[in-house]
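Both ligands and their constituent atoms are indexed starting at 1 by order of listing.
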Amino acid sequence: MPRPVPVVNRRHRTAPSEAVVIVGAGQAGAEAAVALREHGFAGRVVLIGDEGQPPYQRPPLSKAFLTGHLSVDRLYLRPAGYWAAHGIELRLHAQVERIDRRAMRIQLSGGERIGYDKLLLATGTRARKVELPGARGPCVHYLRTLQDALRLRESVAPGRRIAIIGGGYIGLEVAASAATAGATVTVVEAERGLLTRVTTPAIGEFFAAAHRRHGVAVLCDTRVTAFLGGERLDALATTRGNVAADLAVVGVGAVPNVELAQAAGLPCDNGIVVDEYCRTSDPSIFAAGDCTSHPNGWLKQRLRLESVQNAVAQGTAAALNIAGQPTRYAEIPWFWSNQYDYKLQTAGTFAGHDEIVERGERGSGSFALLYRRQGVLLGVDAVNMPREYMMARKQLSLQLLEGQAETPRAPLAREFTASRRAA
Ligand code: FAD
């Protein structure tokens, strides 16, 4: 079958014979494929994903999609015809099993081999599993993929008793969505408060109170020890007694998919190790997104981020570097979370602050906390205060540009080491 002619930006043409293979058709992989074409890459682009869906966004899976306010077709990152129209060979249900660096080709699980001039690893993360008695039962859910979300959505219904294990972003978003759908929800968190890995106690307490107001039972300092009831879940055994539940959702973090890189001999340390140009130790192999451990020029430390912002910006930077346009990946990390009517927006870091300046009114549900050290802004958490958030983000970006940031050295920013800590 003839391949469609790629739509290319003529600013920067590359040899049409070059081939870029992208492993992982998630946010970073898709973004990289799009950016290659937009920036004039004229060669072959193969985007390989082991899921059955064209590239889609994951954030709504715990939010509007779970409550039924967003349909599947609104999740897709590009319209169905986009990939072929831009000469991007999208291979779905295809798992890359091996990288042969010497022959410069990858091998799919069915045996097919595809050669590359440049390879981009955008393999993302997978949900961290809990190894407890009863944890493999059919009523114990995880949420990472569209398939997971479809399965979970079917099970969330008014009156159902849902226990969430983990009071991090994903657990709390699922709790909010399930409570909104009329379920009876309990959040079980091993730490003393919610969101401890990603923000300050003030924000964790604000969200704990918001969940309680919506009828969610929040149990902190509580560990799950078993899932009881066999095929039909009856309860969770915890260090504070049993919690009745028909369904459990585990949200205890994610593990980077590095095995492919590791087997190929590429250095990995809580992620595939790359430099600021998204290069691995092999000059023909790049990596981007949740799966990378990369240097952050602003924080002056290595990070592994799990955010759309990182996947988009790093995927784009990797594509530009592959296309021969040297581009450093240097960004202020930012993130958001929606729970009920609250939108939490966060940028920078809270680690190492010696002062918190509060804007707005916590009681009104619209406020921002500015984290500073020696008068220099380090980060912001804003709840329903987009203007304050944008101003702080702008200020952080200026610091990044000017290289003036006071950077926290110790302790290492907690929000960026979540997976390392839990490992
Ligand atoms: P992924 O999107 O995980 O894509 C990697 C893809 O590679 C996957 O499809 C995987 O199956 C595939 N793959 C792996 N190995 C292979 C292989 N060997 N062969 C073929 N394919 C392979 N971020 C935010 O910023 N804000 C939010 O509000 C937010 N909410 C979220 C809610 C949920 C429920 C989840 C799960 C995530 C959320 N995130 C959020 C995180 C965000 O979605 C991720 O940071 C982002 O998807 C990372 O993109 P990625 O391309 O690096 O990885």
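Residue contacts with ligand 1: Trp334 is placed with no nitrogen or oxygen under 3.5 Å of a nitrogen or oxygen of the ligand (distance criterion only). Remark: ligand 1 and Arg58 share an N or O pair separated by less than 3.5 Å (distance only, no angle test).
Annotation for ligand 1: atoms under 4.0 Å from non-hydrogen atoms of Gly26 are 2 (O), 4 (O), 6 (C), 51 (O). Each of the atoms 1 (P), 3 (O), 36 (C) of ligand 1 lies under 4.0 Å from some heavy atom of Arg144.
Look at Glu18 and Arg44 and you find no salt bridge, because none of the NZ, NE, NH1 or NH2 atoms lies under 4.0 Å from a carboxylate O. Arg279 has a carboxylate O that lies under 4.0 Å from a charged side-chain N of Asp275, or vice versa, which qualifies the two as a salt bridge. Salt-bridge check for Arg393 with Glu388: failed, with every basic side-chain N at 4.0 Å or more from each acidic carboxylate O. Arg126 has a carboxylate O that lies under 4.0 Å from a charged side-chain N of Glu259, or vice versa, which qualifies the two as a salt bridge.
Residue nearest to atom 16 (C) of ligand 1, selected from Leu77, Asp50, Asn257: Asp50 (by heavy-atom distance). Considering each of Ala288, Ala122, Gly315, the one bringing a non-hydrogen atom nearest atom 5 (C) of ligand 1 is Ala122. For atom 33 (C) of ligand 1, the candidate residues are Asn310, Ile170, Val312; the nearest heavy-atom contact is made by Ile170. Summarising the contacts of atom 53 (O) of ligand 1 with Gly124, Gly251, Pro256, the nearest heavy atom is found in Gly124. Closest to atom 46 (C) of ligand 1 by heavy atom, among Val258, Asp290, Asp148, Leu344, is Asp290. Heavy-atom proximity to atom 18 (N) of ligand 1, evaluated over Val96, Ile99, Leu121, is greatest for Val96.
For atom 42 (C) of ligand 1, the closest non-hydrogen atom of the protein is Val308 CG2, 4.0 Å. When only non-hydrogen protein atoms are considered, atom 41 (C) of ligand 1 lies nearest to Glu306 O, 4.2 Å.
In this structure, His353 and Phe350 have tilted ring planes: the angle between them lies in the 30° to 60° band.
Within the 4.0 Å heavy-atom cutoff, Ser337 does not count among the residues contacting ligand 1. Ligand 1 has Ala94 within reach: a non-hydrogen atom of the residue lies less than 4.0 Å from it. Within the 4.0 Å heavy-atom shell around ligand 1 one finds Gly49.
Between the side chains of Tyr76 and Gln57, no donor-acceptor pair is found at a separation under 3.5 Å.
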